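Numbering of ligands and ligand atoms starts at 1, following listing order. Just so it is clear, the model here is predicted, and its values are computed rather than measured.
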Amino acid sequence: MPRSSSDNHARRPARSFLYSLKTKFIAALILLVGAVISLSAWWNLSLHTEHMLQATEDKVRALAEAIDGGIQVAMREGHTIEVQRILEGMARDPDIEQIVIFDDGGRIRQASKRDLVGRVMDRDRLSRYLAQPDFTVTGRYEDGELIQSVVKKIRNRTECHACHGTATEFLGTIQLDMSFGQTQEQIAGMKRAALWTMLLTGLALAGGGGVLMIRLVDRPVARLADAMTRVETGDLTAQAVCGGRDELGGLAKSFNAMVDRLRAARDEIEAYHQQRLARAERLASLGELAASVAHEIKNPLAGIAGAVRILAEDMPASDSRKEIMGEILAQIRRLDGTVGDLLTFARPGGPEVGPCALHQVLDRVLLVLAEDPSASNVRVVREYQSDLPPVLADGKLLEQVFFNLLLNAVQAIGGQGTITLRTARGEADVTRTDGAPLGPHLEVRVIDTGPGIPAHLLREIFTPFFTTKPRGIGLGLAITRRIVEDHGGWISAENLPGQGAMFRVCLPLEGSDDGTRERI
Ligand code: ADP
């Protein structure tokens, strides 16, 4: 019975959010895009930072050159006071910390901050400055702020010689300190912007990717899984609703088609089983009826046979009616046999189990068969494998099995031809009708040279009351199969190319008992 859908939902294991496809997809997306954005932001920032620092440094150099030029013009024209003004004017630039000009002795001669004028630089610092080349740019950090310091020596040029003589190479040194604070702030701002961009892009991707994932993958997969769970619990009416034309839609369509085919196959099997069941029920009641009819017939039949025998005995040997009496007795025997078959099939008697030598059983059957006039022209070939162990079985029932098979073979070849009896120890694995493996066994093959069994009838011949013979009752093979299976064995029929039919009877060997023998 298919379970209810709420039941199905209860059985489906809850998917962990951490391991869901959605989470994995979003995490991968964020990681990937995050890495790409970070790399490009880092690259852009580096380029920008480099450009900005270079621009600021160029500015410092240009300023130092401008100061040097300005001083020279002012000095040449004798406007020493102008130098001070130039420095103060330049220092209005918020990036410029201070500009000082000091002489060889380290005394500050001009400065953008007037209070510095006249101060003397300590010796160490002075000697450091003097030891440097004509133009040096150095950087230092003050409270996290980058200060670029340009030190430019003022060369004693020819036009200066008039006032300063030629004794010294340099007339003094310009020192310009410039702050990179603003540039640093701009860079920090750019970093913040890049960080926010990354964060917002990550969030947008996570949100957008999540929504897309839920719509395009999560929901269709959940619907598919739901339908699968319903099918798993036996509900073959389940259909996966995924309308998309993508791979999941295709998968859902294939799944639905598969379920449709399964349902059709199940309906077919159910119908077949119903049919078989109805037939089995019919056969069971028919069997019961046949058994009671057979029981009713058997006793009067024995009485009639006895009476006929007495009448025949009373007749003189020359009486022509004696032949008729013989024919009547033969027909009564045939009827008795049929009635006996009916009874065996409907109510099998209690078996007597013991070790049976298979070859002896077969020989006894062949002896009985030899007395049958219809078998007088049949050649029997015995291909017995020597040293076969005995099987645990009811010898009488086994005789009945092989008698039925041999009689059918004789009838199939029309009394003219060859029947081969081949015995062997079973080697290949054989599976019984109930699906269990047979294990070690003995095998008897009954092969005839008749027309064989039409392929479409191979499955039918073991069915009770199935017969193709005008005077047959179709119980021989049904009884045979029952006896073989009651012994824990297996029987099959097939056609041999170029020959007739072949029946294989496999009987388990002693020691391979799996409990089936308790039934015999
Ligand atoms: P019956 O002999 O009364 O017909 P069986 O159950 O013994 O009943 O056989 C059922 C059917 O199986 C036969 O009618 C026949 O069609 C087929 N059959 C059995 N043995 C052979 C055989 N050796 N060769 C061909 N057909 C066979």
Side-chain angles (χ1 to χ4, degrees), residues 276 279-280 282-284 286-287 290-291 293-294 297 330-331 333-348 362 365-366 368-369 372-383 396-423 433 443-487 489-506:
R276 300 290 293 186
R279 192 166 175 201
R282 259 201 326 273
L283 282 176
L286 203 65
V293 171
I297 292 173
Q331 291 302 329
R333 263 201 305 280
R334 200 181 71 78
L335 270 177
D336 191 55
T338 304
V339 168
D341 274 357
L342 269 175
L343 274 174
T344 315
F345 179 70
R347 297 191 198 120
L362 291 173
V365 175
L366 286 176
V368 177
L369 202 69
D372 192 326
S374 64
S376 53
N377 288 326
V378 175
R379 195 168 79 93
V380 177
V381 179
R382 294 175 227 212
E383 292 180 4
K396 287 274 169 237
L397 291 178
L398 282 195
E399 278 175 25
Q400 195 175 344
V401 164
F402 294 112
F403 188 78
N404 286 343
L405 294 178
L406 284 166
L407 201 63
N408 274 341
V410 170
Q411 287 168 357
I413 59 179
Q416 295 267 336
T418 308
I419 298 174
T420 308
L421 276 175
R422 191 177 297 154
T423 63
T433 321
E443 182 175 327
V444 182
R445 293 183 180 205
V446 182
I447 305 163
D448 63 51
T449 51
I453 305 156
H456 67 283
L457 296 182
L458 275 171
R459 281 176 62 182
E460 303 290 330
I461 54 172
F462 292 101
T463 311
F465 304 111
F466 174 84
T467 181
T468 55
K469 299 171 193 165
R471 296 177 70 184
I473 57 163
L475 279 177
L477 288 180
I479 291 171
T480 300
R481 181 157 85 168
R482 177 184 283 178
I483 296 172
V484 172
E485 288 182 357
D486 280 354
H487 279 78
W490 175 75
I491 182 169
S492 74
E494 60 198 90
N495 291 310
L496 288 185
Q499 298 184 53
M502 174 174 83
F503 284 82
R504 289 172 64 192
V505 176
C506 297

Non-hydrogen atoms of A409 and I419 that approach each other most closely: CB-CD1, 3.7 Å
Identity and distance of the protein heavy atom lying nearest atom 8 (O) of ligand 1: G474 CA, 3.2 Å
Over all heavy atoms of both residues, which pair between F462 and S492 is shortest? Give the atoms and the distance, please. CZ-C, 4.3 Å
Side chain, backbone, both or neither: which part of F503 has a heavy atom under 4.0 Å from ligand 1? side chain
For G415 and V378, the nearest pair of non-hydrogen atoms, with its separation, is O-CG2, 3.5 Å
Of all protein heavy atoms, the one nearest atom 16 (O) of ligand 1 is T468 OG1, 2.4 Å
Take atom CZ of R379 as the centre, draw a 6.0 Å sphere, and report whether it contains more than 12 heavy atoms from other residues, nucleotides or ligands. no
Is ligand 1 less than 4.0 angstrom away from at least one heavy atom of A493? no
Can you name the atoms of ligand 1, numbered from 1 with element, that are less than 4.0 Å from a heavy atom of I453? 25 (C), 26 (N), 27 (C)
protein heavy-atom neighbour closest to atom 17 (C) of ligand 1 works out as I461 CG2, 3.9 Å
Option set T467, T338, L405, criterion heavy-atom distance to atom 4 (O) of ligand 1, minimum: T467
Are F503 and L477 close enough that some pair of their side-chain heavy atoms sits under 4.5 Å apart? yes
If I apply the N/O under 3.5 Å rule, does I473 come out as touching ligand 1? yes
Taking atom NZ as the centre, does K469 end up with more than 12 heavy-atom neighbours from other residues, nucleotides or ligands that are less than 6.0 angstrom away? yes
Under 4.0 Å from any heavy atom of G476, which atoms of ligand 1 are there? 5 (P), 6 (O), 7 (O)
Looking at side-chain heavy atoms only, is the closest gap between R504 and E494 below 4.5 Å? yes
Side-chain contact, heavy-atom cut-off 4.5 Å: L369 with V380? no
So for G450, does at least one of its heavy atoms come nearer than 4.0 angstrom to any atom of ligand 1? no
D448 to ligand 1, any heavy atom closer than 4.0 Å: yes
Students should be able to answer this: which protein heavy-atom is nearest to atom 19 (C) of ligand 1, and at what distance? N408 ND2, 3.5 Å
Between atom CG of L421 and atom CG of L362, what is the distance when rounded to the nearest 0.5 Å? 5.5 Å
Specify the protein heavy atom at minimum distance from atom 6 (O) of ligand 1: its residue, its atom name, and the distance to 0.1 Å. L477 N, 2.8 Å
F466: numbered ligand 1 atoms lying under 4.0 Å from its heavy atoms: 10 (C)
Does the protein place a non-hydrogen atom closer than 4.0 angstrom to atom 2 (O) of ligand 1? yes
As a check for students: among A412, A409, G500, identify the option with a heavy atom nearest to atom 24 (N) of ligand 1. A412
H487 versus L397: any side-chain heavy-atom pair under 4.5 Å? yes
Quick one: which ligand 1 atoms are inside 4.0 Å of a heavy atom on G472? 3 (O)
Identify all side-chain donor-acceptor contacts of residues 446-461 below 3.5 Å with residues at least two apart in sequence or on another chain.
{"unit_1": "D448", "atom_1": "OD1", "unit_2": "G450", "atom_2": "N", "d": "2.9"}
{"unit_1": "D448", "atom_1": "OD1", "unit_2": "A501", "atom_2": "N", "d": "3.1"}
{"unit_1": "T449", "atom_1": "OG1", "unit_2": "T418", "atom_2": "N", "d": "3.0"}
{"unit_1": "T449", "atom_1": "OG1", "unit_2": "T418", "atom_2": "O", "d": "3.3"}
{"unit_1": "R459", "atom_1": "NH2", "unit_2": "Y272", "atom_2": "OH", "d": "3.1"}

